[in-house]
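Fair warning: this is a prediction, and the values are worked out from it, not measured in the lab. So that the names make sense, note that chain A is the first sequence line, chain B the second, and so on, each numbered from 1.
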Number of protein chains: 2
Amino acid sequence: MPASPTLEDVARAAGVSRATVSRVINGIRNVDPMIQETVRQAIAETGYVPNRAARSLVTRRTGAIALIVSGAGEESGENPFHSQVFADPFFGRVASGVVGFLRPRGIHPILMFAETAEARAQVIAYLRQGNADGAVLVSTQAQDPLPRLLVDASLPAVLFARPAEPIPISYVDVAHRTGAKLAADHLVARGRRRVGTISGPLDVPASQDRLSGFRDAMAAHGYPYIPCVEGNFTLNSGEAAMERLLAEHPGLDGVFIANDLMAQGALPVLRHHGRRVPDDVAVVGFDDSSAATASRPPLTTIRHPVEDMAAEMARLLLAHVDDLDQPVTSIIFEPSLVIRDSA
Amino acid sequence: MPASPTLEDVARAAGVSRATVSRVINGIRNVDPMIQETVRQAIAETGYVPNRAARSLVTRRTGAIALIVSGAGEESGENPFHSQVFADPFFGRVASGVVGFLRPRGIHPILMFAETAEARAQVIAYLRQGNADGAVLVSTQAQDPLPRLLVDASLPAVLFARPAEPIPISYVDVAHRTGAKLAADHLVARGRRRVGTISGPLDVPASQDRLSGFRDAMAAHGYPYIPCVEGNFTLNSGEAAMERLLAEHPGLDGVFIANDLMAQGALPVLRHHGRRVPDDVAVVGFDDSSAATASRPPLTTIRHPVEDMAAEMARLLLAHVDDLDQPVTSIIFEPSLVIRDSA
DNA sequence: GCATGGCGGGAGAGCGCTCTCCAACGCTCT
DNA sequence: AGAGCGTTGGAGAGCGCTCTCCCGCCATGC
C-alpha cells in the first residue's frame, strides 16, 4: 500500500501549487472556479485526506475537545470511578447533548475521567500537550479542584453546573430553585400535606438549591417544616434514604426526591412498605432522566433540558476556543414539570 | 503569556542539543546519567510539555484510539442514536473496561458513533486523517458494515463480539452457548418445568447462540420445546415480550431472558400479573449489568466479564497498532452464573 | 604505535501543512 | 499609453519534533 497522498501529490495531479490546493480545501481567498474544480477532482482521484497532525502543527489547533467527568468516587478497585459514572443516566444525557452538537461539526470528544489528583494532573498535561483545544467538564463533586486548575493553565473550559466557589469560568446550569418550586406546587395541588424530601449531597450547590427552593416554596404554602434525608444521587442511596424517611415519618403522603435515580430506588421501598404510589404517597423526581420512564410507575419529575444544556456548553467552549478573550458567561436554563403517574 | 517552551528551549537551558533532550524524553539509547539529570531539570524549569502534533507528524502515530459505537438506532430526532446507547448499561461497562486499560497508558478514547452511512464515512475519514491510530468497536447491530470498511481501509480495529459475517478482524467475545446452558441448568435445578425465553434480536449472532444454547441445554434435560419471544435488548421490548410470553403461556414457571435490561422490564409485568418472583416464576437474566442489581428482586444472571473483555479488546488493538502485521485473533471468555434473588 | 570498535553527542533533514510574502496579470483612470 | 489597483497563483519559510548520519572520544587489541 502506497503512503497516503499529500498536498504535494494533489498539487502535481492538478497542475497547481500546494498553496492553491490548500486554499481550495480551506475555502480561503478567491480561487478561480475552474481551477477549484480541477483541484477537487485531483483530490477525489488521489483519495487525498488532509493530515491533521501537520495542520495542527502550524495552526496550533487540534480541532478536538475533551469531555471530562470529574469528581471523587469511592475509591475501590472493584468498582472504579468511570464505571460508576456510566451507571448514572444523567451522564449519558450530557454526553449525548455534547455529541449531538459536536458531531455535525466533525469533532468528536475525547473521554476523560478525573477523580484523583493524579488523574487531574494527567488531564492538564494531556490538554497542555495540545491533544485537545479545550474541555467541557461535568463534575460529580462539590469541591472539585479541576476547574481551578484549568483556569490557571489558561485552558478553555466550560462547566456543567455552577462551581461551588466563584471561579472565572463559563458554565451552564438550570434554575434549581424554580424546579423545586414546581415540585412543591404540584404536590400541594395534589392535596399532599405531609411531605418530605430526599436531597442530594448537601455540599453540592445544586442539591442545596433544590432543597432550599423546595422548603421555601412549601413554607410559602404554609408548611414550614419539611423533613429531609440526604442521599448521594445513586439508586442505592435513594433506597436507603426512603427507608429512613419512612421510618421517621410513617404518615408521609408525598416526597420530593432530588434526582430520578434515587426516586427509582425509593419506589420499591414504598411498595414494600405497603404504600401505593401515587395514591398513598406521591413521588416527584428531578431530571427527567431515563430512570423516570424506566420506573414503575413512571415518575412525575422536573425536566431540565440536559441535552440542550450540554449542547450549549459545547457551543460556549468552541466560542472560547475560537476567541481566547471571549468573556466568561453563564447560561441558566428553566426547568419544567413533567407529569406522569407517580404524582 | 509566553509561547509554550519547545525542545529547543530546553536544549538551550540544559546546554545540550535538541536530539539529546529528545533522547532523554523518549528514553532511547544511552545518555550520560549526569546529562540526563541536567536535562530533566531543564524540563522542569521550563515547564516543557512535548507537542503531540509535531511528534505525530514525524512518527505517524497519534497515540489516540477511537471508541466507536456502531449500529442502527431507530432514527428519530427526538431520541438520537447516541442517547439510546447510553441508556444501555452494557455500553457503560464496555467503555469502563476500555478506559480502565487505556488510562494508565496515558491514552484516552475518542468517542464516536456510527449509525448511518454518513456517520460511518465520517468515522473512516476521521481515522484516515490520523486522528486516531485505530478503533475498538462495539456494535449493536448484526449486519454492521463498519468492520468491513475498517478492514478495507486497513485501519487497525478490534470488535466486541464476533461479526455476523466472517471478516479478517480481531475480536473478543463470550461463550454465549455456555452461558445459556448455565441458565438452563439452574432453572431445571430449581425445579422449573415450564420455562420460556425472551431472546435478543435474532439477526445478531449473540442472540442466536444464547437461544440455541438454551434450547439445546433444555432439550438435554428432557424439555424439547421451549417457547420464545423475540425482543431487542431494550427495557421496553422486555416488557412487551414478557407480556406476550405470559399471554401465550400462562402456566410458565421460569424464564431465561437474553439480557438484564429486558429482564428488568419483565419483572414488573410478572408482578402486575400476580406472579411472584422467584416463587411463581423464576427469572434468569444475562450480562450481570447494573440493571441486574437495580432490579427488584435483584436478578440471578449470567455474568460475563465485560470490563475484562473490553480491556482485552483495547490490549489487542494496541498490539495491532504496534505491529500492523499482527495476526488476527479472537479471544473467547467464559461466563459464570451469579445467583441472586430472582431464580 | 596505530587500527578498531563501541559509545555518547551534535547536525540537519525532513514529516505535511499553512500562510505570508511577492510576482504576474488584467482592469480602470488620468 | 502608463500609473495604480485589485485579484489570483506560486515560492518558500517555518510549526516542533524524531531519527539517521556522522564525528569525536576513549578503551581495547595486535
Side-chain angles (χ1 to χ4, degrees), chain A residues 2-40 42-43 46-64 106 125-131 133 322, chain B residues 2-40 42-43 46-64 106 125-131 133 322:
Chain A
S4 70
T6 72
L7 258 199
E8 192 72 52
D9 299 325
V10 178
R12 204 175 312 114
V16 298
S17 77
R18 231 170 42 238
T20 302
V21 180
S22 175
R23 283 196 270 262
V24 170
I25 289 172
N26 298 301
I28 235 75
R29 275 201 9 188
N30 284 332
V31 177
D32 187 297
M34 286 277 290
I35 297 194
Q36 278 195 38
E37 194 40 49
T38 318
V39 170
R40 272 184 229 295
I43 291 176
T46 51
Y48 170 75
V49 185
N51 177 316
R52 191 94 104 174
R55 180 178 290 178
S56 290
L57 187 55
V58 35
T59 59
R60 342 216 83 219
R61 283 285 186 71
T62 65
Y126 193 81
L127 293 176
R128 291 226 301 141
Q129 286 199 350
N131 285 288
D133 297 329
D322 235 47
Chain B
S4 70
T6 73
L7 258 199
E8 191 72 53
D9 299 326
V10 178
R12 203 174 314 114
V16 297
S17 77
R18 230 169 44 238
T20 302
V21 180
S22 176
R23 282 195 271 261
V24 171
I25 289 173
N26 297 302
I28 235 75
R29 275 204 5 190
N30 284 333
V31 177
D32 186 298
M34 286 278 290
I35 296 195
Q36 278 195 38
E37 194 41 49
T38 318
V39 169
R40 273 184 228 295
I43 290 176
T46 52
Y48 171 73
V49 185
N51 178 317
R52 191 94 104 173
R55 180 178 291 177
S56 293
L57 185 56
V58 36
T59 59
R60 346 215 78 219
R61 284 286 187 70
T62 66
Y126 193 81
L127 293 176
R128 290 227 299 140
Q129 286 199 352
N131 284 288
D133 296 330
D322 235 47

*Asks:* Give the B/S/- string for nucleotides 21-27 of chain D, one per nucleotide from 5' to 3', where a protein heavy atom under 4.0 Å of the base yields B, of only the sugar-phosphate yields S, and otherwise -.
*Replies:* B------
*Asks:* Looking at N131(A) and A64(A), what are the two nearest heavy atoms and their distance?
*Replies:*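 Nearest pair, atom of N131(A) first, then A64(A): O-CB, 3.6 Å.
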*Asks:* Determine the minimum heavy-atom distance between A53(B) and L57(A), stating which atoms define it.
*Replies:*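 So the two residues come closest at CB-N, 3.9 Å.
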*Asks:* Does N51(B) make a side-chain N or O approach to OP1 or OP2 of dC15(D) shorter than 4.0 Å?
*Replies:*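 Indeed not, no polar side-chain atom of N51(B) lies that close.
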*Asks:* Between L7(A) (CG) and dG10(D) (C1'), how many Å, whole number?
*Replies:*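 The distance from CG of L7(A) to C1' of dG10(D) comes to 14 Å, rounded to the nearest Å.
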*Asks:* Can you find a side chain N or O atom of T20(B) that sits less than 4.0 Å from OP1 or OP2 on dG10(C)?
*Replies:*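 It does, given that an N or O in the side chain of T20(B) lies less than 4.0 Å from OP1 or OP2 of dG10(C).
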*Asks:* How long is the line joining CD of E8(B) and P of dT18(D), in whole Å?
*Replies:*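 About 13 Å, once rounded to whole Å.
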*Asks:* Round to a whole Å and report the spacing from CD1 of I25(B) to P of dC19(D).
*Replies:*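 Nearest whole value for this atom pair: 12 Å.
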*Asks:* What's the CZ-P distance between R12(A) and dG16(C), to the nearest Å?
*Replies:*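 Atom CZ in R12(A) sits about 12 Å away from atom P in dG16(C).
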*Asks:* Could you tell me how far apart R55(A) (CZ) and dC17(D) (C1') are, to the nearest whole angstrom?
*Replies:*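 My rounded result for the distance is 20 Å.
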*Asks:* Report the distance from atom CZ of R61(B) to atom C1' of dC17(D), rounded to the nearest whole Å.
*Replies:*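 From R61(B) CZ to dC17(D) C1': 16 Å.
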*Asks:* Can you sort out the partners of S17(A) under side chain to side chain donor-acceptor pair (under 3.5 Å), two or more places apart, ordered by chain and number?
*Replies:*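 Residues passing side chain to side chain donor-acceptor pair (under 3.5 Å) with S17(A): T20(A).
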*Asks:* Only counting residues at least two apart or in another chain, list the ones meeting ring-ring contact (aromatic ring centres under 6.0 Å, His included) with Y126(A).
*Replies:*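 Per chain and number, Y126(A) pairs via ring-ring contact (aromatic ring centres under 6.0 Å, His included) with H108(B).
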*Asks:* If the helix axis at each end comes from five base pairs, how far does the helix from dG1(C)-dC30(D) to dT30(C)-dA1(D) deviate from straight, to 10°?
*Replies:*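 End-to-end axis angle: 50°.
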*Asks:* Can you tell me if the side-chain N/O atoms of T6(B) get under 4.0 Å from OP1 or OP2 in dG16(D)?
*Replies:*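 So the side-chain polar atoms of T6(B) never come under 4.0 Å of the phosphate oxygens OP1 or OP2 of dG16(D).
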*Asks:* With sequence neighbours excluded, tell me which residues meet side-chain contact (heavy atoms from CB on, under 4.5 Å) with V24(A).
*Replies:*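 Result, side-chain contact (heavy atoms from CB on, under 4.5 Å) vs V24(A): V31(A), Q36(A), V39(A), R40(A).
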*Asks:* Considering only nitrogen or oxygen atoms on both sides, find all protein atoms under 3.5 Å from nucleotides 12-14 of chain C and state each distance.
*Replies:*
from    : atom 1 : to     : atom 2 : distance (Å)
dA13(C) : N6     : R18(B) : NH2    : 2.9

*Asks:* Mind checking what makes side-chain contact (heavy atoms from CB on, under 4.5 Å) contact with A11(A), not counting sequence neighbours?
*Replies:*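 By the side-chain contact (heavy atoms from CB on, under 4.5 Å) rule, A11(A) matches V21(A).
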*Asks:* Quick one: side-chain contact (heavy atoms from CB on, under 4.5 Å) partners of S22(A), sequence neighbours excluded?
*Replies:*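 In terms of side-chain contact (heavy atoms from CB on, under 4.5 Å), with neighbours along the sequence ignored, S22(A) is linked to L7(A), N26(A).
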*Asks:* Can you tell me which nucleotide in dC15(D), dC17(C), dG8(C) comes closest to the side chain of D32(B)?
*Replies:*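 From the listed options, dG8(C) comes nearest.
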*Asks:* Check the distance between dT8(D)'s P and E37(A)'s CD and give it to me in whole angstrom.
*Replies:*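 It is 17 Å, rounded to the nearest whole Å.
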*Asks:* Report the residues that fulfil side-chain contact (heavy atoms from CB on, under 4.5 Å) with T59(B), sequence neighbours left out, ordered by chain and then residue number.
*Replies:*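 Result, side-chain contact (heavy atoms from CB on, under 4.5 Å) vs T59(B): R55(B), R61(B).
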*Asks:* Listed by chain and number, what are the side chain to side chain donor-acceptor pair (under 3.5 Å) partners of N51(B), not counting sequence neighbours?
*Replies:*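 Partners of N51(B) under the side chain to side chain donor-acceptor pair (under 3.5 Å) test: none.
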*Asks:* Ignoring hydrogens, what is the shortest heavy-atom contact between S56(B) and T62(B)? Give both atom names and the distance.
*Replies:*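 Closest approach of S56(B) to T62(B): OG-CA, 3.6 Å.
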*Asks:* Does a side-chain N or O from S22(A) land closer than 4.0 Å to OP1 or OP2 of dT18(C), or not?
*Replies:*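 Checking dT18(C) against S22(A), a side-chain N or O does come within under 4.0 Å of OP1 or OP2.
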*Asks:* What pairs of residues pass the salt bridge (charged side-chain N to carboxylate O under 4.0 Å, His left out) test when at least one of them lies in residues 15-25 of chain B, not counting sequence neighbours?
*Replies:*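 Sorted pair list: E8(B)-R18(B).
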*Asks:* With nearest nucleotide decided by heavy atoms, which residue, A54(A) or G15(B), maps closer to the 5′ end of DNA chain C?
*Replies:*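 Looking at DNA chain C, the more 5' nearest nucleotide goes with G15(B).
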*Asks:* Side chain to side chain contact (heavy atoms under 4.5 Å, CB included) for V16(A) and I35(A)? Distances and angles first, verdict last.
*Replies:* CA-CA 8 Å; V16(A) 298; I35(A) 297 194; 3.9 Å; yes
*Asks:* Starting at CG of L57(B) and ending at P of dG16(C), how long is that distance when rounded to a whole Å?
*Replies:*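 Rounded to the whole Å, the gap is 7 Å.
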*Asks:* For dG16(C), take OP1 and OP2 only and decide whether either is under 4.0 Å from a side-chain N or O of R60(B).
*Replies:*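 For R60(B), the contact criterion (side-chain N or O under 4.0 Å from OP1 or OP2 of dG16(C)) is met.
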